Amino acid sequence: LRLHRLRVTDLGAVLNADIAFGPGLNVLYGPNDLGKSTLADAIRLVLLLPHTSTHIEDYVPWTGGHDPVVEITFETEPQRIWRVRKEFRKGGTALLQESKNGVDFDDVERARKVDGRLRDLLRWGIPEPGGAGASRGLPTSFLATVLLSTQSDVTSVLNDSLQTDIGGTGRERIAAALQAVAQDPLFVALLKATQARRDEAFTDMGARKTAKGSVFKAAADRLNQVRDEKEKLQKVVDESEGVEKQLRDLTAMRGQLEETLFIASERLVTLDRLAAETANLAKAAEDVRIAREEVLRIQALGGEVNAAARTIEELAGPTEAAEGALKVARAQLAEADSALESAEHAVGASGSDPATAETVARQGLELRKAAADQASTDAQQQIERAIATQNLVDAAVTASREFLTQQAEREKIHVTLSETVAAERAAEEQLLEVDLLERACAARAAEEQASVAQAEVEKRAALQVRRDVAADEREALQALRTKIAVPSADALAPMRRLATDLAGAYGALNVGLVVTVTPQRQIDIVAKRDGTVVESTHEPLVVEARAEVELDIRDVATIRVRGGRRETQQTAELLAARWNSEVIPHLTAANVADLDGLTARIAEALDLDSRVTAKNTELQSIETQIAALVDSAEMLRDAIARRSACRAALGDVPVEMLASKLATLGDDPAAALRQRRQRLSIDLDLAREKANQVRTNDAIAEERTRTAGATLDAAVAARDTALATFPEGLATTFSAVRAMLATAVGEQLLVANEFSCLESTNAARKELIDSALRDARAAAKDARLRVSEADAVRTKAITDHALQVGRFEELSRLRDAQDLAAAEDALRDAVDRHAGAPVPQELVSETELAAAHDAKTTAMSDLNRIDREIQKTHGALGHVGGAVARERLRDANEAFELAAYHEREVEADYDAWLLLLEQMKGADAAQASNLGQVLAPAIAGRFEALTQRRYENIRLTAQLATEGVVVAGAVRSTDRISVGTRDQLSTLYRLSLAEYLCTAVVLDDQLVQSDDTRMDWFRALLTEKAHSFQIIVFTCRPSDYLADTAMAPEGNAVHNDTDGEFVRAVDLGRAVGRR
Amino acid sequence: VLRLLHTADWHLGRRFPSFPEESQKKLSRARMAVVSTILDVARRNSVNAVLCAGDLFDDPAPTPDFWQGLAKTFSDRAGPHPPVFLVPGNHDPFTSESVWDPAHPFRMRLPQWVHVVDRDDFTYELAPDVILYARPCRSKAGENDLAMALPAREAGDARVRIGCVHGCTFDLEGYQTNFPICRDAGEQRGLDYLAIGDTHSFRDVTESSLVPTVYPGAPEPTSFDEPGAGNVAIVALFRHGLRPRVHAEPVAHWQWTDRRCRDLNELRAVMTTQNLDRQVVRLHLEMTVSLAEESEVERIVRDLQGTDATHGSAGVLLVDRTNLRLQPGSGGVFSDDLPPVIKDTIGRLDALITAANGEAEKARATRALAHLYKLLQNQDALVGRAP
């Protein structure tokens, strides 16, 4: 505190005054009754007295006038300059302003709040106006007494102490100042170093520093950095291991599939072999059969040739006989003709006309006979052709019947094929339906998974919101907790004990007092009962109190009567001191009035702590839940992708359509569908097998039908060709030809009869002559008949023979075209092959073979798919790293462990620094709690020097009460030393304390009873200390403090500065306007 | 006789996150510096070729400092130089984004005698009747046996055939993903020497075979569990069918050692270790010490580690203090003539230790005592600085 300026108007005898203070020693001098003490009081009044206090009435000018106005400007620290202006008395005003430059002021407080703020600024131990213990008059305190001395009681400091201070700020301020100077240099250095280390890590409020640049932040940042790196690599490794596992699974699957493929291939090879063996055996058997048939056919052909040869041979005899008979008949005919010719010659010799007529008739008959023969032959040929044609017709009928049979058979097979194909299709459709249902099932499962994943994602989001809310709540709780500065709950018990002890001590002082004051003349007396002013006008004044009565007889004396023994009082003071040092700081820090308040605050703090802990637990729980759901988004994406894939696989078929079918499948539709698929697969295989068999039969039937058709077509073509030559139809032709044959035979018979008639006529006519002729003619006729018959027989024999020869030649040609030996060799070979062909161990059906083929194809396909998967997965692994990632993760893990250890070490280290600082401060506080021990040496040293070692020491209590001075090793009361020396001791006390506090001190007419020597000593001291703090001296003897040259020069100048402006002389005679 | 220098696993650009930043740089720089040493050894041994069997960079796309540094190391070599063959490994596989890509500036800066194996059918005739076959890694992991992918010896081929690939000859539990190499791949492919890389310790995996299959190891170790690291292999080949002679030649600057100290004497002995300045030391402090002893421990560690002003006696130091314990309490170690307030502080901390409910409280107070003890050890400097 340093005063800059004081302006006073209408205060006591002072009409006006305006004084500017220098930074050092200010000697304000003037003659008696000028108003020096009024100015000194003005400083006290403006700083301490509420502007409405009636106490100001003492300063209202006796002669009337305006209300007193005092304005003071002072500085509490650099660039914090304050100006207070108070217009006193009822209706007055108060204003506190602040400035940084001393020129421009801003209003800070007004009216009643001015005093509260001022007392905060001064920290002199004066409570706020209106608060507990506040007095009605001019407030005072130990520091106010020390720093603003009054002329009326220059040695009051020796009778006062911190004990009587109502507020604790004065003690705190003194303790802080004395503590700083009292510390051991080494300890100070240690404390500073420890504080510096503590400040590296903790805020002023004791919270850990987490901002950029703090040690915790650096360690945490490092840890987070390596943790991030580790987690990143862990993710890569997890991914890599996932891929590796997938690769292992795929490789294992590939092994299984290779095994499956091997088995399928082996099975197929076996079945192929068995099928080949079966086929070979069948082929060999067929070859044997064919070869055998060939041999038999060739052999049969040989038989037919032989039979034909035998038939020819057999026919050769009749032919020769017929030839012989014909020759005989022709010879007989020649003989008969010769006999006839002889007879005719004989007849000719008898007449030529009858012979000529007979010849003409005979020639006509001959012509008719030849025509009849020709007609007969033609008819015979026609009959044969008709018979052949009839045979072709019959063959066509047979072929047609065969064709119809085959067709019927094929249609039957067709029906069977349709049925089997329908069964196969039905099985396939059922399988397709199973496919669809399985997809629907998968879609529904994917849907459910997506729902679950969606729920998890939403749950995670909700948890994150909850976490943020909980974190905010925790922050709020922590903020509330940070604001509460309370000791641990354990500290309450000693405090309560102390409170009890103190109450007991005070109780021991409550002995009861009755003081009766009977004034002999008019006096102004203010009585206090146990610190409370007694409002009484009765005379005599009777004051009854429990422990203390104080009588302030204005301008005469202050009488304080206290109850209890001295030891008891000391005990109470000691306990009060302890109360002030051990309890009051906690109450002040907790901003409570008493221990109950402190207890409540501690309970509140504990409650907050427990709520913060609960919040932490809740947060941890939420974090755990969030961590458990960290993959939910990924799972949701997978589930959605799977759902989309499943839906895509379903095509346009809505799942709902299939839902009813799925519902019929029970609780596990997938298993039911699997079973159904297996059953349907078997059914389908059976249907396919049957269909294949039927198709084979169908193909065979078709081939047979086709062959029969071709045969039929050929037979029909042959028949039609043959029938084309019989446009009238076979039956008609047969009838016609038979009629022609009969006609021809009749004609032949008729001609023969006519020949007979001609002969008989000729015989009758030429009986005589022709008796021999007739006989000859009859013989010739018989001969001719026999020739004709023999010729017919011969023709038939020749025809039969020729037919047989033709057949024989054809058969021989056919037989010659065959190679029986080769056929037999082929048969033998075929038999050998058949015998040598391996007999299959089992018979293999086409179905089994097809199934084995399918199994191999499926296994091959699966294997190719797995190979592609492996290649793809390997590509992925090659990308993420595998071993490389693991190596880096190992390094990252090491770094993380080191960083975590480092962070723990940093925390432990700074916790230890914090603990060390606390303990050092505790020890220091304990050491420095006795303020008297600290302050006394400074006063004593100067007092010793001043008195030239007459006094060795001064003894101050912990509360800075003056116990006495040490003389010759004994403590003596200051009452026993001279008034002047007490005055000097008081001044030294004030100066020493002001120096420690670095604050201004006002000395009003001090040292008036000092001799020149001690005044010189004091002047030197004041001049020296003027460089350290502000000293304001009111005196009527300026020469005691100032050299002649330092006085304000004559003229208008109010003040004069010397000693580099550290000494200012102010002539109050010029500065003060008196009323 | 044809001589080869066979090296691998340089791991240029490798990070050492467990170490302090300054040490990390030392170790990273050493990996680059050893390449020059390797080329010097190659020249000193008059080798016909230098085979570098993979993992030359720690990453397929290292920062420019490393590939520029390597290119400069090569291009700074004056005079004729035997061919150097660089094979991409699984750490630095040959991909289009890697430094091995023909369009990468690294490739442009390489001298002509440096050959990058960037083809699966890479061959090079080192001398008449001596042929080199090599094959690069093309991914960070692979199941293909690159050695078995080299062409087999044809009938009548009497040339000396050398193979050079990167991969792993031993089988791990489960699926081997790191380019497995069949142990008798050299014999199966009709090679006379199979140069491989991956394992960081020097190892001939086929000592009983006619065809050596050798890991030269990392020329600079990368961790404390690589006892055979720090070498290159010098190979002398005579003719086909005769086992080549292989020996390891050290090139490393750093030697990595684990030191366990169970008492102060063992710790003091560390200071007397030979060539400590070329050692990367991991110091495991496994002892319980008093406050005064702890002060000595810290002094020795500081001497080993160095300060801002002084070099440490150890090349690189990593201290494991997890098993370093302090004896609880002041134990009469403090001077008797301390100011009362300091004695009071010590007494308070001792009282806290005595009344402590758990080890944590005890350790905290003991550590506070240790702080105080160290401050007092430096009190001259402290008071000198104090106002």
Side-chain angles (χ1 to χ4, degrees), chain A residues 183-194 197 225-226 229-230 240 243-245 247-248 251 870 874-875 877-888 890-899 901 905 908-909 911-924 926-928, chain B residues 14-19 55 58-59 90-91 93 95 137-144 168 172 174-175 177-179 198 222-223 318 320-322 338-349 352 360-361 363-372 375-376 378-379 382-387:
Chain A
Q183 288 164 339
D184 180 89
L186 173 60
F187 183 74
V188 170
L190 291 177
L191 196 63
K192 188 173 179 184
T194 307
R197 298 306 298 270
Q225 184 191 346
V226 294
E229 180 73 15
K230 182 178 93 109
S240 174
V243 175
E244 283 174 355
K245 182 178 180 309
L247 207 48
R248 279 195 297 276
T251 307
I870 285 174
H874 223 285
L877 184 62
H879 184 68
V880 296
V884 176
R886 269 193 291 277
E887 282 175 29
R888 289 190 177 147
R890 189 191 61 192
D891 290 350
N893 274 330
E894 275 181 22
F896 175 73
E897 282 167 16
L898 273 175
Y901 174 76
E905 282 292 291
D909 232 30
D911 276 351
W913 281 114
L914 187 62
L915 178 65
L916 177 59
L917 185 67
E918 288 169 2
Q919 298 308 313
M920 289 176 84
K921 283 186 173 176
D924 188 33
Q927 293 285 317
Chain B
R14 183 184 174 89
R15 292 171 60 238
F16 297 88
S18 305
F19 287 82
D55 284 358
D58 199 51
D59 191 86
N90 65 323
H91 269 264
T95 64
C137 287
R138 288 179 178 273
S139 58
K140 287 184 175 178
E143 64 171 346
N144 299 330
C168 193
L172 294 175
Y175 193 80
T177 56
N178 195 16
F179 295 105
D198 189 50
T222 59
S223 70
L318 202 60
D320 173 12
R321 289 187 172 87
T322 46
L338 288 171
V341 66
I342 299 176
K343 285 185 178 175
D344 188 14
T345 304
I346 295 164
R348 285 164 181 261
L349 289 169
L352 283 177
E361 288 178 34
R364 185 182 178 214
T366 302
R367 198 182 278 251
L369 278 171
H371 286 334
L372 182 60
L375 284 176
L376 287 167
N378 295 319
Q379 62 176 284
L382 207 59
V383 175
R385 281 206 306 271

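Computed from heavy atoms alone, side chains included, the values below leave out hydrogens, waters and symmetry copies. Please read all numbers here as calculations on a predicted model, not as lab measurements. Here is how names work: the chains are called A, B, and so on, in the same order as the sequence lines, proteins then strands, and each is numbered from 1.
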Checking R197(A) against chain B: side chain, backbone, both or neither under 4.5 Å from a heavy atom?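 Neither; nothing under 4.5 Å.
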Is it the backbone or the side chain of L915(A) that comes under 4.5 Å from a heavy atom of chain B, or both, or neither?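 For L915(A), the contact with chain B is made by backbone and side chain together.
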State, yes or no, whether a side-chain contact exists between D891(A) and R14(B) at a heavy-atom distance under 4.5 Å.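 Sidechains of R14(B) and D891(A): in contact.
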V884(A) side chain reached by D59(B) side chain, heavy atoms, under 4.5 Å: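 No. Closest side-chain heavy atoms not under 4.5 Å.
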Could you check which of L914(A), N893(A), D909(A), L917(A) has the highest count of heavy-atom pairs closer than 4.5 Å to chain B?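 Highest number of pairs under 4.5 Å: D909(A).
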Minimum heavy-atom distance [X]-[Y], with the two atoms named:
{"X": "A368(B)", "Y": "A912(A)", "answer": "CB-O, 3.4 Å"}
{"X": "E894(A)", "Y": "S18(B)", "answer": "CB-OG, 3.2 Å"}
{"X": "A193(A)", "Y": "L375(B)", "answer": "CB-CD2, 3.9 Å"}

Heavy-atom pairs under 4.5 Å with chain A - which of T322(B), N144(B), I346(B) has more of them than the others?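 Most heavy-atom pairs within the cutoff with chain A belong to T322(B).
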Just verifying a value: how many Å separate [X] [atom1] and [Y] [atom2], rounded to the nearest 0.5 Å?
{"X": "L916(A)", "Y": "R364(B)", "atom1": "CG", "atom2": "CZ", "result": "10.5 Å"}
{"X": "L349(B)", "Y": "E918(A)", "atom1": "CG", "atom2": "CD", "result": "10.0 Å"}
{"X": "R15(B)", "Y": "E229(A)", "atom1": "CZ", "atom2": "CD", "result": "5.0 Å"}

Let me see the working for Q919(A) and L352(B) under side-chain contact (heavy atoms from CB on, under 4.5 Å), right down to the final yes or no. CA-CA 10 Å; Q919(A) 298 308 313; L352(B) 283 177; 3.6 Å; yes
Is chain A contacted by the side chain of A370(B), its backbone, both, or neither, given a heavy-atom distance below 4.5 Å?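 It is neither, since no heavy atom gets under 4.5 Å.
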Which bit of D58(B) comes within less than 4.5 Å of chain A, counting heavy atoms only: side chain, backbone, both or neither?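 Contact with chain A is through both the backbone and side chain of D58(B).
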Would you please name every residue forming a side chain to side chain donor-acceptor pair (under 3.5 Å) with R321(B), sequence neighbours left out?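 R321(B) satisfies side chain to side chain donor-acceptor pair (under 3.5 Å) with E298(B) once adjacent residues are dropped.
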E905(A): what forms a side chain to side chain donor-acceptor pair (under 3.5 Å) with it, not counting sequence neighbours?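 E905(A) satisfies side chain to side chain donor-acceptor pair (under 3.5 Å) with R367(B) once adjacent residues are dropped.
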